Asks: 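I'd like to ask you about the structure that follows.
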Amino acid sequence: MNYWLVKSEPFKYSWDDFVKEGKSVWDGVRNYQARNNMMAMKKGDWVFFYHSNEGMEVVGLAEVQKEHFPDPTTEDPRWVVVELIPIKKFAKTVTLKTMKADDRLSGLALIKQSRLSVTPVAKAEFDIILSLAE
DNA sequence: GCCAACGTTGGC
DNA sequence: GCCAACGTTGGC
């Protein structure tokens, strides 16, 4: 069981859009590191859903429904997608500010590699963020 | 809106 | 294969 974090700009695709559709094919990733992370995702892994640019906070929890398959939005075979389903919206969102201020989260890939759209989250980090969200 | 970080491209 | 130029992302 692994843990991840995906980013989306809420004015393009928000948590509410995600819930409305009931699932999401995470397409459009054109970065090798992010792609590699998606390829490592297993069905049942948990995924934080983060709003970048506006909000800058973790808003909810999702789960990997389908492991990687070719990105239907491109002919290029290098790119893959995963399918995610929403699990729950957090009672309290966890802002980037909060995470940056927490020493226990100083190693978070989200903070260290702010431009990467799909990042791994360690079990310990996952538990801390989850506890901050409840 | 600015700019730092960083990935990608292309000339050599 | 190096590196400068350029484009994109995302925090502030």
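We name chains A, B, ... by the order of the sequence lines, and we start the count at 1 in each one. Keep in mind that this is a model prediction, so the values were computed, not measured.
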Asks: Whether the side chain of A:Thr93 engages the backbone of A:Val58 through a donor-acceptor N/O pair (distance < 3.5 Å, no angle test) should be reported.
Replies: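 No, A:Thr93 side chain to A:Val58 backbone: no donor-acceptor pair under 3.5 Å.
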Asks: List in chain and number order the residues that pass side-chain hydrogen bond (donor to acceptor under 3.5 Å, both in side chains) with A:Asp102, two or more places apart in sequence or in another chain; answer none if no residue qualifies.
Replies: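 With sequence neighbours excluded, A:Asp102 shows a side-chain hydrogen bond (donor to acceptor under 3.5 Å, both in side chains) to A:Arg104, given in chain and number order.
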Asks: Within residues 95-110 of chain A, find the residues that approach DNA chain C with a heavy atom at under 4.0 Å, and present them sorted by residue number.
Replies: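 Residues of residues 95-110 of chain A under 4.0 Å from DNA chain C: A:Leu96, A:Lys100.
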Asks: The criterion is side-chain contact (heavy atoms from CB on, under 4.5 Å); which residues satisfy it with A:Asp76, sequence neighbours excluded?
Replies: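 Listed in chain order: A:Thr74, A:Arg78, A:Trp79.
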Asks: Sequence neighbours left out, what passes side-chain contact (heavy atoms from CB on, under 4.5 Å) with A:Thr73? Give chain and number order.
Replies: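 By the side-chain contact (heavy atoms from CB on, under 4.5 Å) rule, A:Thr73 matches A:Asp27, A:Arg30, A:Asp71.
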Asks: Can you name the side-chain hydrogen bond (donor to acceptor under 3.5 Å, both in side chains) partners of A:Thr98, sequence neighbours left out?
Replies: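 If we apply the side-chain hydrogen bond (donor to acceptor under 3.5 Å, both in side chains) test to A:Thr98, skipping adjacent residues, the hits are A:Thr95.
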Asks: Going by the rule side-chain hydrogen bond (donor to acceptor under 3.5 Å, both in side chains), which residues pair with A:Gln113 if we only count those two or more places apart in sequence or in a different chain?
Replies: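 A:Gln113 satisfies side-chain hydrogen bond (donor to acceptor under 3.5 Å, both in side chains) with A:Gln33 only.
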Asks: Name all residues meeting the side-chain hydrogen bond (donor to acceptor under 3.5 Å, both in side chains) criterion together with A:Asn36; count only those two or more places apart in sequence or in a different chain, and write none if there are none.
Replies: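 Partners of A:Asn36 by the side-chain hydrogen bond (donor to acceptor under 3.5 Å, both in side chains) criterion come out as none, since no residue qualifies.
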Asks: Just list the side-chain donor-acceptor pairs under 3.5 Å for residues 115-134 of chain A, sequence neighbours left out, or say none.
Replies:
from: A:Lys123; atom 1: NZ; to: A:Asp127; atom 2: OD1; distance (Å): 3.2
from: A:Lys123; atom 1: NZ; to: A:Asp127; atom 2: OD2; distance (Å): 2.9
from: A:Glu125; atom 1: OE1; to: A:Ala122; atom 2: N; distance (Å): 2.8
from: A:Ser131; atom 1: OG; to: A:Ile128; atom 2: O; distance (Å): 2.7
from: A:Glu134; atom 1: OE2; to: A:Lys88; atom 2: NZ; distance (Å): 3.2

Asks: Do you see a donor-acceptor pair shorter than 3.5 Å between the side chains of A:Asp103 and A:Ser106?
Replies: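 There is no such pair (donor and acceptor under 3.5 Å, judged by atom type) between the side chains of A:Asp103 and A:Ser106.
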Asks: Hey, can you pull the residues of residues 26-35 of chain A with a non-hydrogen atom under 4.0 angstrom from DNA chain B?
Replies: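 Going residue by residue through residues 26-35 of chain A, the ones with a heavy atom under 4.0 Å of DNA chain B turn out to be A:Asn31, A:Tyr32, A:Gln33.
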Asks: Is there a side-chain contact between A:Trp26 and A:Ser8, using heavy atoms and a 4.5 Å cut-off?
Replies: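 Heavy-atom side-chain distance check passes, below 4.5 Å.
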Asks: Between A:Met38 and A:Val82, what is the shortest heavy-atom contact and its length?
Replies: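 Nearest pair, atom of A:Met38 first, then A:Val82: O-CG1, 3.6 Å.
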Asks: Taking heavy atoms of chain A and a 4.0 Å limit, find me the 5'-most and 3'-most nucleotide of DNA chain B within that range.
Replies: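 Extent of the interface on DNA chain B: B:dA5 to B:dT8.
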Asks: Under 3.5 Å, side-chain donor or acceptor atoms of residues 39-52 of chain A against the rest of the protein: list the pairs with distances, not counting sequence neighbours.
Replies:
from: A:Lys43; atom 1: NZ; to: A:Gln65; atom 2: O; distance (Å): 3.4
from: A:Asp45; atom 1: OD1; to: A:Asn2; atom 2: N; distance (Å): 3.0
from: A:Asp45; atom 1: OD2; to: A:Trp4; atom 2: NE1; distance (Å): 3.0
from: A:Asp45; atom 1: OD2; to: A:Lys42; atom 2: N; distance (Å): 3.0
from: A:His51; atom 1: NE2; to: A:Trp15; atom 2: N; distance (Å): 3.0

Asks: Let me check the geometry of the helix from B:dG1-C:dC12 to B:dC12-C:dG1. What is the bend angle between the axes at its two ends, five pairs each, to 10°?
Replies: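 The helix from B:dG1-C:dC12 to B:dC12-C:dG1 shows an end-to-end axis angle of 10°.
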